[in-house]
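Report on the structure given below.
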Number of protein chains: 2
Amino acid sequence: MTNIRDIAAEAGVSVATASRALTGKGRVSAATVERVRAIAQRHRFQPNEIARSLSSGRSHSLGLLVPDITNPFFPELMAGAESAAKARGQTILLTAALGADSAREDLSVLRARGVDGFIVVGNPFDSAEQLREAAGSRPLVVVDRSESVTDLSTVVTDHVEGAALAVRHLIELGHTRIAHISGPPGLDVTDLRVAGYERELRAAGLEPRVVDGDFTVESGAAAVRALLDGPAAPSAITTANDLAAIGAMNAVLARGGSVPGDLSIVGYDDIVLAALVHPGLTTVAQDIGELGARAVEELERQLTGDTDVRTVSLSTSLVERGTTGRAS
Amino acid sequence: MTNIRDIAAEAGVSVATASRALTGKGRVSAATVERVRAIAQRHRFQPNEIARSLSSGRSHSLGLLVPDITNPFFPELMAGAESAAKARGQTILLTAALGADSAREDLSVLRARGVDGFIVVGNPFDSAEQLREAAGSRPLVVVDRSESVTDLSTVVTDHVEGAALAVRHLIELGHTRIAHISGPPGLDVTDLRVAGYERELRAAGLEPRVVDGDFTVESGAAAVRALLDGPAAPSAITTANDLAAIGAMNAVLARGGSVPGDLSIVGYDDIVLAALVHPGLTTVAQDIGELGARAVEELERQLTGDTDVRTVSLSTSLVERGTTGRAS
DNA sequence: CTGTTAGCGCTTTCAC
DNA sequence: GTGAAAGCGCTAACAG
C-alpha cells in the first residue's frame, strides 16, 4: 500500500504539504498541488480513511439505523440514503435493530466507529430524549417520526394529508361506509393518519370507524375479516400501510370475494410491491427513497455547522391502480 | 469522551496494561483485569475503533456489495449478513453498485476505509480476476455465483437441483408442456437453472422450451404472453426467479386467465413477496438470509487465517402454495 | 505480569 | 508557501 509519505517523497515535498495539496486545505502553490496530485493519481493513491479519521476527527461516515430490513419499506429508504451519501463522499454504516436495548447497543458501536452522525428511522426508544442520549451528542436526524420528537431534525411526509387523500378518493367514488385499518395505537404515524382519516370523513358528514392493526400483512387480514363479519360492513377501507392493505386484499380474495367489487382498498406508502400484486394496489405514495436522501442532506447540513432544528416534510400523492372502484 | 488513558490513570496502571486488560490479549493478572474492566464499565468506556483499527490493522468491518437494494432478494440477504456480522462483532459497510465502474470505485472506497474483507453478491465484473483485483488482495467471498468464479470462496445454492425440483413437481401434477422463463443468458445462475430444467424434463421424455428473461417482473409478463399466444401453449412454467413468476402470473390474470387453472407457475427464491401475492406463489425456496450469514462466516474463516478456497452450497426445497395445480 | 517506547497514516498548529 | 513537530487513541514489540 502506497501512503502519503511515498507521494510526498516522490514529489520532493514534506508530508504536510502533500496533505494540503491533496485535501485542498491550507495554502499551497498551484504548481505543487498539480505535481502532488499527478503523482497521487499515477499511483492510484487512496488516503487511508482510518488515519484520516483519527487525526481529523471526522470519518465521513453516517450511521443508519433501521428497525427491520425485511419490511420492504426500509430497503427503499436505505437505497435513497445510500446513493445520496455516496454522492457526498460519505459511507453508510448499516445496522438493524428492533428493540430499545439493541438499538442503544448498535448506536454505541457505530459511535465507537466514529460515525459523524446518525439517521434513525422511526424511534426505537420511548422518548426523543433517550434517542438523543443514545446518539451521544452526535448530529441526528429522525425519519418518519414527527410528533414525538421535538428539538430534533426530522424528515417526514404529511401523514394527515396523505390519509385524507385516500378518504377523499373513496368518497369521490361514492363510498359512504369507509373504515380505516390503523397502525399500532399510540405511534405518532398511526395517530396522524387516523386524524387525517377522521377529519376528512367527518367533513363529509360520515362516521369514522377504526380497527387497530400493526402494519403487518396478518393484521390487515385479521382486521378486514372482523370488519366484513361484523354489522354494517364497510364498502371501502383505507389502511395504515401497503402491507396491511395487501393482507386485507388477500383475506377478501381468500374468502371468494372480489376487490374492488366487494371492497375497495387504499394502501399507504407505495412500496414497489404495491404495483406487483394483482390487482395493483391503489395507494398513497410517499417518495420513500427521497425520504432517505433528504435525511442524508439534512444530516450533512448539520455537520457543516448549521445547528438549527428543521423539519422537512415531503408531500404525498394518490396513485390509482386497481383496488378501488365505484360504490355499488 | 473518556479514553483509555483516563481508565488507565484511574486504575493506576499504564495504558498498555489497560489495553491488555480490556482486549484480553497478553498476560495481565486477573486482579488488574477485573479492576480495569470495572472502571471501564462504570465509565461506559467504549474503545475508539478508529484508533484501534489504525494501530492493529484490523477494522472489524466487512464491506458488503450488492447490485440493487430495491430488488427484494438482496435486502433479505443483507439482513442475514448484518445479523451474522453483528453477532461476531463486525460491522457492515454497505454499498450498492450495478456497473463494473461504480463497483470498482465502491470497493476502492471501502478498502480505504479499511474493511477486513468483502462480500460481493453476484459479480459486477466480467471475470473473477477483475473482481479479485478490485478487492485489492483482501479476503473476498462471492455469493450466488459459482461457475464463473474459480479460486474464490463462494456461497451458493444448488441451482441445478432447485430447477429440477420445480420441474419434478409439475410433472407429478401431470403436466407435459412445461416451459421455462430464464434469466439473462450467459449468466451462470441462468445457465445452471436452465440445465436443471432441461435435464429433468428430458429424463421424463419431454421437450424443453426456454424463453429468455432477465429476472424482472416485466420480462416474466412478456415471456408468458409470447408463450400463451404462440403455438402449443404450455400448461405450466418454471421461472428463473420469483419476480419473473409474479410478472407471469399478473399477465395471465390481466388477460382474464386463471392461475393455476390456465397456467401453473413455479417461482424461484422464495422472497417474502412470494407468500404475499394471491394466490401464493409455489416456488423453489433458498434460505436467502442464510446465504448472507454463511458468507459472513466464510469470510470470518478466511480472516482467521484459513486460506483455502471453499464453496459452500446450500440446499433448496420446494414450497407449494397456490400457483400450481393438476394438469387438466 | 507490567511499564516504556514506538509507531499506525494522516491532519494540524506553529514557525520560518 | 512550506516544513517540522505534535498528536489523534490505541496496540504491539521489547524490556524488565
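Lettering follows sequence order; numbering is per chain, from 1.
A salt bridge between B/Glu133 and B/Arg104 is absent, with no side-chain N of the basic residue lying under 4.0 Å from a carboxylate O of the acidic one.
Counting non-hydrogen atoms under 4.0 angstrom, B/Val15 reaches a base of the nucleic acid. No contact: B/Ser53 has no heavy atom under 4.0 Å from any strand.
Distance, A/Lys25 NZ to C/dT11 P: 9 Å, rounded to whole Å. A straight line from CZ of B/Arg20 to P of C/dT4 spans 11 Å, rounded to a whole angstrom. Atom pair B/Arg52:CZ and D/dT11:P shows a separation of 5 Å (rounding to whole Å applied). If you measure from atom NE2 of B/His60 to atom C1' of D/dC10, you get 12 Å, rounded to the nearest angstrom. Taking atom CD1 of residue B/Ile50 and atom P of nucleotide D/dG9, one finds them 11 Å apart after rounding to whole Å.
With no hydrogens or angles considered, a side-chain donor-acceptor pair links B/His43 and B/Glu10 at under 3.5 Å. Residues A/Thr154 and A/Thr311 have side chains that bring a donor and an acceptor to within less than 3.5 angstrom of each other. A donor-acceptor contact closer than 3.5 angstrom links the side chains of A/Gln302 and A/Ser153.
Of the candidates C/dG9, C/dT12, C/dC10, C/dC10 carries the atom nearest the A/Phe45 side chain, counting heavy atoms from C-beta on. Distances from the side chain of A/Thr23 to the nucleotides C/dG9, C/dT11, D/dC10 place C/dT11 closest. Distances from the side chain of A/Ser55 to the nucleotides C/dT11, C/dT13, D/dC10 place C/dT11 closest. The A/Asn48 side chain lies nearest to C/dC10 when the options are D/dG9, D/dT11, C/dC10.
Between B/Thr32 and C/dC1 there is no side-chain N or O to OP1 or OP2 distance below 4.0 Å. The shortest distance between the side-chain N/O atoms of B/Ser29 and the OP1/OP2 oxygens of C/dC1 is not below 4.0 Å.
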